[in-house]
Amino acid sequence: MSIPMDYMIESFVTLANIPSPTGNAGPAIAWVEEEFRKLGLAVTRTNKGAVLATVKGANDEKHRLVAAHVDTLGAMVKEIKSNGRLRLTNIGGYAWNTVEGEYCTIESAITGKTFTGTVVMMKSSVHVHSTEVGKTERTEKVMEVRLDEKVVSKQDVLDLGIRVGDFVSYDPRVTVTDSGFIKSRHLDDKASVAIILGLLRHLNESGQKLPYTTHFYIANNEEIGYGANSNIPAQTVEYLAIDMGAIGEGQATDEYCVSICAKDSSGPYHYGLRKHLVKLADELGLNYQVDIYPSYGSDASAALRAGHDIVHGLIGPGVDASHSFERTHRESFENTYKLALAYLLHGELMA
């Protein structure tokens with residue numbers, strides 16, 4: 001099997017460098033939409049701003065849907081402080097200590113201009129506030145953005161065009177190492193979007209026919225809980241989310257495998273589909289792990305909550321330090337790609 005690995009990695013790097021915090025993912029969605037069109041796909045936009053591409057299969061009565069999301073963690077300006085610093089409110093689920101010291105970009109809603117800054121604690125100098133630096137809990141109230149502009153007052157910031165409600169995106173700091181590691185923020189879930197692009201490129205170039213008409217849904221609201229849970233074609237009976245596999249203490253997933261989720265905070269995934277995915281992984285000799293994600297929800301589970309009558313599953317590349325300084329390996333890309341392709345080409349439905 002020829003794997004478009006370079007294309008997938010390059011796609012991830014490009015996509016990771018397009019700011020797309022939930023609520024302001026339009027440019028990233030537009031880039032994915034253009035890639036879909038280059039691959040000859042019929043593409044539609046949902047009213048929520050997601051992109052949906054369809055590949056017609058031999059069976060057009062029962063459909064499959066494969067979903068990933070392009071929106072990421074981020075923030076908004078909550079307050080412009082009297083000293084010219086910015087207080088933030090977070091978008092998505094992350095702890096404030098995971099963004100301390102991170103470079104960020106603020107986009108002015110009224111001018112479209114962008115400004116850079118750094119997320120710091122209010123009392124961050126060890127030479128002045130040595131006790132507070134070590135003991136202060138990092139919360140929204142003690143974190144602020146130090147703008148890379150000559151500002152010393154609230155009016156100075158307002159004069160730049162920055163306002164409450166402006167979006168803030170965190171620098172992904174993408175690095176691809178010679179040893180095969182991909183280090184970056186937003187591997188969740190832009191890595192999976194890149195894998196889907198690789199699958200579609202393979203199908204386009206190989207001419208392989210899918211057994212069922214399949215929809216590829218790239219969502220833009222997953223990090224706040226309601227991504228690809230609407231606009232699901234009525235013929236859809238099976239739904240596979242591709243999202244990152246969580247790594248940590250007590251987890252089987254690592255940075256090299258494809259992770260198959262048995263259960264997350266929403267409950268168990270469809271048992272039959274999970275067993276089918278495991279069977280395919282075994283037949284291919286893939287490096288895989290079946291795992292449980294205790295603090296996690298996917299677009300597939302969101303679709304069930306929305307009332308869709310579907311069989312749902314979840315796979316993805318293993319990602320270390322999720323919602324923080326994330327890392328995976330190209331082997332994880334490869335194993336996820338191979339399992340997803342086998343699933344797409346297999347003619348058995350669980351419903």
Side-chain angles (χ1 to χ4, degrees), residues 22 25 44 46-55 57 59 61-72 92-93 188-189 192-193 195-196 210 212-246 251 253 258-281 288-317 319 322-323 336 339-340 343-344 346 348-351:
T22 305
T44 59
T46 70
N47 290 333
K48 288 195 297 184
V51 62
L52 189 65
T54 301
V55 177
N59 185 327
E61 295 180 2
K62 291 187 175 183
H63 295 187
R64 285 171 166 163
L65 186 143
V66 177
H69 68 92
V70 77
D71 62 303
T72 70
D188 172 20
D189 186 34
S192 300
V193 176
I195 289 168
I196 286 176
L210 296 180
Y212 300 96
T213 294
T214 303
H215 309 281
F216 295 87
Y217 195 146
I218 307 301
N220 60 331
N221 288 290
E222 193 274 348
E223 292 294 355
I224 54 174
Y226 58 91
N229 66 350
S230 64
N231 302 87
I232 297 173
Q235 302 97 317
T236 301
V237 298
E238 208 165 77
Y239 186 128
L240 181 69
I242 306 182
D243 207 334
M244 65 106 209
Q251 299 296 104
T253 298
V258 54
S259 186
I260 301 172
C261 184
K263 173 184 177 291
D264 65 13
S265 63
S266 69
Y269 282 75
H270 189 272
Y271 192 31
L273 180 53
R274 189 239 293 185
K275 290 194 292 184
H276 176 58
L277 292 166
V278 168
K279 180 182 177 183
L280 291 174
Y288 76 91
Q289 293 290 344
V290 176
D291 226 332
I292 291 172
Y293 312 151
S295 302
Y296 192 113
S298 74
D299 276 327
S301 55
L304 260 70
R305 284 197 179 98
H308 292 280
D309 184 18
I310 52 173
V311 167
H312 74 317
L314 170 61
I315 66 172
V319 172
S322 59
H323 283 198
T336 304
L339 180 56
Y343 165 76
L344 290 173
H346 201 277
E348 182 181 357
L349 285 175
M350 298 297 110

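Values in this document were obtained by computation on a predicted structure and should not be read as measured data.
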Can you check side chain to side chain contact (heavy atoms under 4.5 Å, CB included) on D264 and S301, steps first, answer last?
CA-CA 9 Å; D264 65 13; S301 55; 4.3 Å; yes
Distance (rounded to the nearest 0.5 Å) between L344 CG and L339 CG:
9.5 Å
Taking every non-hydrogen atom, the tightest pair across G92 and I224
N-CG2, 4.4 Å
Residue pair Y217, N231: steps toward the side chain to side chain contact (heavy atoms under 4.5 Å, CB included) verdict:
CA-CA 9 Å; Y217 195 146; N231 302 87; 4.1 Å; yes
Closest non-hydrogen contact found for A50 with A219 is CB-CA, 4.0 Å
How long is the gap from CG on L52 to OG1 on T44, to the nearest 0.5 Å?
4.5 Å
Quick one: are L277 and L240 in side-chain contact, heavy atoms under 4.5 Å?
yes
Under the side-chain hydrogen bond (donor to acceptor under 3.5 Å, both in side chains) test against S259, which residue among T253, T336, D291 passes?
T253
Keeping to residues at least two apart or across chains, list the ring pair (Phe, Tyr, Trp, His ring centres under 6.0 Å) pairs with something in residues 295-315.
Y269-H312, Y293-Y296
Given I232 and Y239, is the side chain to side chain contact (heavy atoms under 4.5 Å, CB included) satisfied, shown in steps?
CA-CA 9 Å; I232 297 173; Y239 186 128; 3.7 Å; yes
What residues form a side-chain contact (heavy atoms from CB on, under 4.5 Å) with T54, not counting sequence neighbours?
T213, H215
Spacing of L314 atom CG and I260 atom CD1 [to the nearest 0.5 Å]
10.0 Å
Spatial distance of atom CG (L304) from atom CG (N229) [nearest 0.5 Å]:
10.5 Å
Looking at side-chain heavy atoms only, is the closest gap between L349 and R64 below 4.5 Å?
yes
Nearest heavy-atom contact between G272 and M350 is O-SD, 3.4 Å
Between K48 and Y226 (side chain of the first, backbone of the second, donor and acceptor by atom type, cut-off under 3.5 Å), is there such a pair?
yes
Under 3.5 Å, is there a donor-acceptor pair between the H69 and D188 side chains?
yes
Given Y343, which partner from the list E348, E238, H276 fulfils the side-chain hydrogen bond (donor to acceptor under 3.5 Å, both in side chains) test?
E238
Within the distance-only criterion (no hydrogens, no angle test), does the side chain of T214 pair as donor or acceptor with the backbone N or O of Y212 below 3.5 angstrom?
yes
Can you see which heavy atom on A302 is nearest to which on G225, and at what distance?
CB-O, 3.7 Å
For residues I242 and A340, report the shortest heavy-atom separation together with the two atoms involved.
CD1-CB, 4.1 Å
Do T46 and S230 make a side-chain contact, defined as non-hydrogen atoms from C-beta onward lying under 4.5 Å apart?
no
Keeping the roles fixed (side chain from R274, backbone from P268), state whether a donor-acceptor pair exists under 3.5 Å.
no
Heavy-atom closest contact (G313 atom, A300 atom, distance)
O-CB, 3.9 Å
Donor-acceptor check, side chain of D71 to backbone of E222, threshold 3.5 angstrom: yes or no?
yes
What residues, two or more places apart in sequence or in another chain, satisfy side-chain hydrogen bond (donor to acceptor under 3.5 Å, both in side chains) together with D299?
none
Given side chains that start at C-beta, do those of V311 and V237 come closer than 4.5 Å, heavy atoms only?
no
